[in-house]
Every structure is written in C-alpha cells, then in structure tokens.
Amino acid sequence: MYEFQERVRYSETDERGRMTLLSVLNALQDCSTFHLKDVGLSVEELRKQGRSWLLSAWDIRILRLPELYESITIGTSPHSFHGILAHRNFWIKDSGECFLLRAESEWFSLDTERMRPARVKAEMLTPFGEMRDVLHLPELVRRISLPDQLHDGGSFRVMRQQIDSNHHVNNAQYIALSLELLQDSPEGFPAFSRGRIRAEYQKAARFGDLLCTRYGEREGRRIVSIQNPEGEVFCNVEIGEDPEA
C-alpha cells in the first residue's frame, strides 16, 4: 500500500474548477510510478532489467472530481500477480478520508528486448513486501462489448505530447479523447462529474498514427472505440453511471 498527499492545482482543473479527467488519470499513474521508484523498481531500473509494465484495462468509479485548492490523498496497492498479469487498486480520498475515486486496474509485464509479454519475475515482486486488496472491488472484466451501431467520430493524428516513455500513446490520452468526442458529438453528453469509466487496451498507437474514432450507446452506457484505418482496435472506452455508487 502506498499513498501521497497532493493539492489540486489550477493547471489541473477545467472551467468548472474541477480536476479534469486527464489530470485525475495522470495523478493515478504518478502514484504507481512513485510507488515503483520508492521500492527500488523505477522506470529506469526496470529498463535495465529489460522489463516494463503496460496497462491492459481500467475500471474506475468516480463519486466526485476533486476541486481547485482541495487537499487530496492518492493511493495504490498491488494485490495479485499471475503469469504475465498484475492487478492494482487505486483511490483518491478527500481531507476527511472519504473516497472520491476507487479503481481497479490490470497490467502486463513486457519483455522490452523481445517486445512481447513475459512472466512476472520474482525480483519484480519481492520489493513490495506484503500485498493486499484494499478496496475489494468486483472482479475486473477487461472486455468491452461494442454496440451494433457505431457513429463516425472523426480521425486524429497522434501528437508528440501524447507519447510517453514507452514511445506510444499514454493510456490516459485515449480516455480524455473519448470524453472530448462524446461531449462534442451531435447527440451531446453532459460534463462528466461522476460515474464509471472502463477502458480496454488492445494495441499501442505511436507518434504519427491515425486514430479513427467510432462511438455509440449500449444499455445506457456510452462507448468509444479508437481504431486504426484498418479497423484494428487501439482502445475501447465505456462511460456510464455506477450502479454501486
């Protein structure tokens, strides 16, 4: 289990004075990165070992977005490893220790020399010590089923600012793009403030790639599929209400 305290900056907020979804996702990623660094498994150290962690899926439940100036606690806890896969809890709490966000995530270990998934090595686990499932959320379901009918949401070229140290589009960018697309769509979509967001990552997009977007609705949830021109999926994102909130 790992936590750090933060105060919401003006640069992290939108026109309503709330943290943007992109800022929230970046904060969660920063938390896991800090955790890895502090146990001796920094991005640089993993690179020396020929390994990297890549995100496979998100299941995020947001009760409220943090507000400008608000003091928050961001936390994470890895809790299970099997084969190539790992699972991590994430959360954000307010100053009164109430949860604003709870999330489950699935990651896979990548052999960066062969560029293929590889089993998690013992030396990648030992530094964490005792691990536990802090949030006890329902089991993460990775696959997102697409609606029968999808609308064309336009195409976008990947920019340098969307690329991370793994040399591909950072996972948070897909979700931010999906929300922006839905809000600008002819059907309209209210400004997001609470609900459930799921994301399924299938293929890594790189600088200069063309992202072709499709969107639709299934059982009351909005779904965006981000694909290449050949129809191969980079990422599917589902946004809707959280019945357990």
Between atom CD of Glu6 and atom OG1 of Thr73, what is the distance when rounded to the nearest 0.5 Å?
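The CD atom of Glu6 sits 10.0 Å away from the OG1 atom of Thr73.
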Return yes if some donor-acceptor pair links the side-chain N/O of Ser71 with the main-chain N/O of Arg7 below 3.5 Å, else return no.
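A pair under 3.5 Å: no.
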Where the side chain of Arg88 meets the backbone of Ala103, is there a donor-acceptor pair that is under 3.5 Å apart?
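Checking the backbone N and O of Ala103 against the side chain of Arg88, no donor-acceptor pair under 3.5 Å is found.
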Main-chain N/O of Asn166 paired to Asp164 side chain as donor or acceptor, under 3.5 Å:
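Yes.
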What are the two closest heavy atoms between Ser52 and Thr112, and how far apart are they?
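Closest pair (atom of Ser52, atom of Thr112, distance): CB-CG2, 3.7 Å.
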I'd like to know whether the aromatic ring centres of His35 and Phe4 sit less than 6.0 Å apart in this structure.
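For His35 and Phe4, the ring centres are not under 6.0 Å apart.
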Is the backbone of Ser42 close enough, under 3.5 Å, to the side chain of Glu45 for a donor and an acceptor to pair up by distance?
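Here the side-chain-to-backbone pair does not exist.
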Flag, side chain of Thr76 to backbone of Tyr2, donor-acceptor distance under 3.5 Å
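Judged by distance alone, no pair lies under 3.5 Å.
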Please find the pair of heavy atoms, one from Leu25 and one from Ala172, that lie closest to each other, and give the distance.
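In this case the closest contact between Leu25 and Ala172 is CB-CB, 3.7 Å.
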Spell out, yes or no, whether Ile74 and Ile60 are grouped together once hydrophobic residues are joined by side-chain heavy atoms under 4.5 Å, including indirect joins.
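Yes, one cluster joins them.
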Looking at Arg51 and Glu123, is there a salt bridge between them, counting it only when a charged N and a carboxylate O are closer than 4.0 Å?
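Here Glu123 does not pair with Arg51 in a salt bridge, since their nearest N and O are not under 4.0 Å apart.
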Carefully, step by step, assess Arg214 and Asp152 under the rule salt bridge (Lys or Arg N to Asp or Glu O under 4.0 Å).
CA-CA 5 Å; Arg214 310 281 187 268; Asp152 182 10; 3.5 Å; yes
Test item: side-chain donor near acceptor, Glu106 and Ser56, under 3.5 Å:
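Their side chains do contain a donor-acceptor pair, which is all the 3.5 Å distance test asks for.
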Can you tell me if CD on Gln5 sees more than 12 non-hydrogen neighbours from other groups inside 6.0 Å?
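Enclosed: over 12 neighbouring heavy atoms sit under 6.0 Å from CD of Gln5.
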